[in-house]
2 protein chains.
Amino acid sequence: MASNAPTFSPLYRQIKSLIVQALESGEWRPGEAIPSEQELAARFGVSQGTVRKAVDELAAENVLVRKQGKGTFVVSHHDPRQFFRFLRLVPDDGSLTQPQSVPLDCWRAKAGQEAARVLQIPVGDPIIILRRVLKFSGKPVVLDEIYLPGEVFEGLTLDTLKEWKGSLYSFFETRFGVRMLRAEEHIRAVAADRMAAETLGVKEGTPLLSVERVTYTYNDRPVEWRRGRYLTTQYHYHNELT
Amino acid sequence: MASNAPTFSPLYRQIKSLIVQALESGEWRPGEAIPSEQELAARFGVSQGTVRKAVDELAAENVLVRKQGKGTFVVSHHDPRQFFRFLRLVPDDGSLTQPQSVPLDCWRAKAGQEAARVLQIPVGDPIIILRRVLKFSGKPVVLDEIYLPGEVFEGLTLDTLKEWKGSLYSFFETRFGVRMLRAEEHIRAVAADRMAAETLGVKEGTPLLSVERVTYTYNDRPVEWRRGRYLTTQYHYHNELT
DNA sequence: TAGTGGTCTAGACCACAGG
DNA sequence: CTGTGGTCTAGACCACTAC
């Protein structure tokens with residue numbers, strides 16, 4: 001049996017790891033500029049081209065963003081352009097309006113089998129369950145049920161949430177230092193149950209999009225599990241296949 | 001008013017265009033290797049690094065694929081790994097089986113307003129309409145209705161289609177020289193109409209995923225418009241958000 | 001052993017932002 | 001004008017594949 005372990009790790013990937021470590025440690029905060037490529041090259045003792053390739057990959061992963069003439073910056077969910085990065089729902093007529101998040105309720109619970117598996121925590125560990133509605137132009141379009149690991153989001157309350165202007169992920173970023181980097185979604189069509197139907201103002205049984213999402217932070221650590229019910233009569237889920 | 005026209009086009013992008021032109025002209029066919037980076041550098045009169053950056057982008061766009069020690073190859077839809085590139089439907093239990101495409105019918109028509117707009121052809125131009133079912137392990141899961149520009153797919157018949165073993169896109173690639181490079185999908189939840197219900201073996205009104213897709217070839221030219229109805233009780237649409 | 005892509009370097013110069 | 005990222009070059013060497 002041959003080992004499948006990588007036999008070789010190029011220098012630029014090691015540099016990339018060092019940059020990620022610095023980001024994780026909070027050395028450079030979201031929205032801030034990281035040192036110039038020349039400075040990083042000197043710091044790590046490699047050529048500028050090697051740093052460049054490391055930064056290239058991090059930029060491709062939406063962890064960093066380059067701005068010619070200005071510098072390289074840590075991506076932040078405060079940036080309004082990041083709002084639709086994880087929300088692929090757009091109106092059929094193309095009019096792009098910023099939706100409003102309305103928290104409904106928030107309570108503590110213990111992780112069951114499924115939540116524990118998805119969030120990679122022990123069964124019985126504390127979790128926080130959060131329900132909210134997304135409104136486009138005042139009309140409810142999305143009902144989300146969100147499961148969070150209690151350890152990471154300790155102290156989260158409905159009141160602090162209600163005071164927040166902006167996206168949930170920008171809230172998580174500033175209040176808990178959690179940076180959502182990547183997500184996987186499972187999408188299916190389901191019939192609206194009573195709860196969803198009432199919240200979204202449709203009849204029970206109306207077809208809805210069920211969007212189940214697991215969101216990851218550094219080191220592929222899952223930090224959010226949510227299930228959304230999307231009303232897709234005037235909106236649709238937009239996806240690009242490459 | 002300042003012009004927004006690009007004021008600068010780097011050399012590697014010009015090289016990239018030349019490579020795409022060669023691909024379009026059929027100089028190198030799907031599955032074949034293109035010349036080595038050194039050869040291309042000599043041919044275009046630039047350094048290897050510049051060719052490399054051009055090829056990098058084409059590899060990132062899934063037009064080319066690099067194989068260390070062997071060469072750089074033109075991506076082909078014959079490659080079984082390409083099968084799920086545009087089909088994001090996977091079984092809930094993770095068992096990966098190759099679905100089977102069953103053509104139902106195929107007829108000629110004239111493009112209406114919507115088809116003409118989407119396919120960017122004049123209203124009244126000939127189009128081909130094709131219906132087929134995708135079966136996983138013998139069970140019908142997807143009903144597709146596909147609209148093709150008649151000019152591009154001239155001579156397509158149900159019989160030649162039925163003889164084909166493999167994916168629709170590999171069929172298009174070999175028989176019509178059409179290479180699908182990119183697609184956009186609009187997804188929503190709908191109730192099964194009578195036709196879909198019968199074909200998929202469910203009750204009328206069952207929630208189905210409606211997946212509308214426009215597929216593009218070189219130069220962002222649309223060459224396919226399709227609407228699929230996915231039965232998502234044991235399968236789901238999988239998406240990665242980065 | 002030869003040929004391919006993959007990495008790394010050092011240096012020059014260009015495009016862009018901001019004082 | 002300076003500092004940033006962006007491009008381009010030339011050359012050396014490494015890793016992988018195939019003969």
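Quick note on labels: first sequence line is chain A, next is B, and so on, each numbered from 1.
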_Could you go through A:R132 and A:S101, starting from their C-alpha distance and side-chain angles, then the distance that decides it, and tell me whether this counts as side chain to side chain donor-acceptor pair (under 3.5 Å)?_
CA-CA 7 Å; A:R132 67 97 176 251; A:S101 176; 2.8 Å; yes
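Close placement of the A:Y169 and A:F86 rings is indicated, their centers lying within 6.0 Å of each other. In summary, the aromatic rings of B:Y230 and B:Y235 are positioned with their centroids too far apart to meet the 6.0 Å limit.
As rounded to whole Å, 14 Å separates atom P of D:dA15 from atom OH of A:Y12. Rounding to whole angstrom units, CZ of residue A:R52 and C1' of C:dG11 are separated by 15 Å. Going from atom CD1 of A:I15 over to atom C1' of C:dT9 covers 13 Å, rounded to whole Å. Rounded to a whole Å, the CG atom of B:L64 is 15 Å from the C1' atom of C:dT4. A straight line from CG of B:D56 to P of C:dG5 spans 12 Å, rounded to a whole angstrom. Protein atom CD of B:E37 is 15 Å distant from nucleotide atom P of D:dA10, rounded to whole Å. To the nearest angstrom, P of C:dG5 lies 8 Å from CD1 of B:I34. Rounded to an integer number of Å, the gap from CD of B:Q14 to P of D:dT7 is 12 Å.
The side-chain hydrogen bond (donor to acceptor under 3.5 Å, both in side chains) test with A:R182 is passed by exactly one of A:D220, A:T217, A:T215, A:N62: A:D220.
Relative to the side chain of A:T72, the nucleotides D:dG5, D:dT9, C:dG5 differ in distance, and D:dG5 lies closest. In the set D:dC8, C:dG6, C:dC8, C:dC8 carries the atom at the smallest distance from any side-chain atom of A:S47. Proximity note for A:T50 (side chain, C-beta onward) versus C:dG5, D:dT7, C:dT9: the nearest is C:dT9.
Counting non-hydrogen atoms under 4.0 angstrom, A:V46 reaches the backbone sugars and phosphates but no base. If you check every strand for non-hydrogen atoms under 4.0 Å, A:E39 touches sugar and phosphate atoms only.
Cation-pi check for A:R88 over A:Y237 is not met; the charged atom does not lie both under 6.0 angstrom from the ring centroid and within 45 degrees of its normal.
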Restricting both atoms to N or O, compile the protein contacts to nucleotides 12-19 of chain C shorter than 3.5 Å, with distance only.
| unit_1 | atom_1 | unit_2 | atom_2 | d |
| --- | --- | --- | --- | --- |
| C:dC16 | O4' | A:Q68 | OE1 | 3.0 |
| C:dG18 | OP1 | A:K70 | NZ | 3.4 |

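Relative ring orientation between B:H236 and B:H238 is described as tilted, the plane-to-plane angle lying within the 30° to 60° band.
Along DNA chain C, the nucleotide nearest to A:L11 and the one nearest to B:P35 differ in position, and the one closer to the 5' end is contacted by B:P35.
The phosphate of D:dG6 has OP1 or OP2 within less than 4.0 Å of a side-chain N or O from A:R66. Between C:dT7 and A:K53, a contact under 4.0 Å exists linking OP1 or OP2 to a side-chain N or O.
Residues forming a side chain to side chain donor-acceptor pair (under 3.5 Å) with B:R52 (at least two apart in sequence, or on another chain): B:E37.
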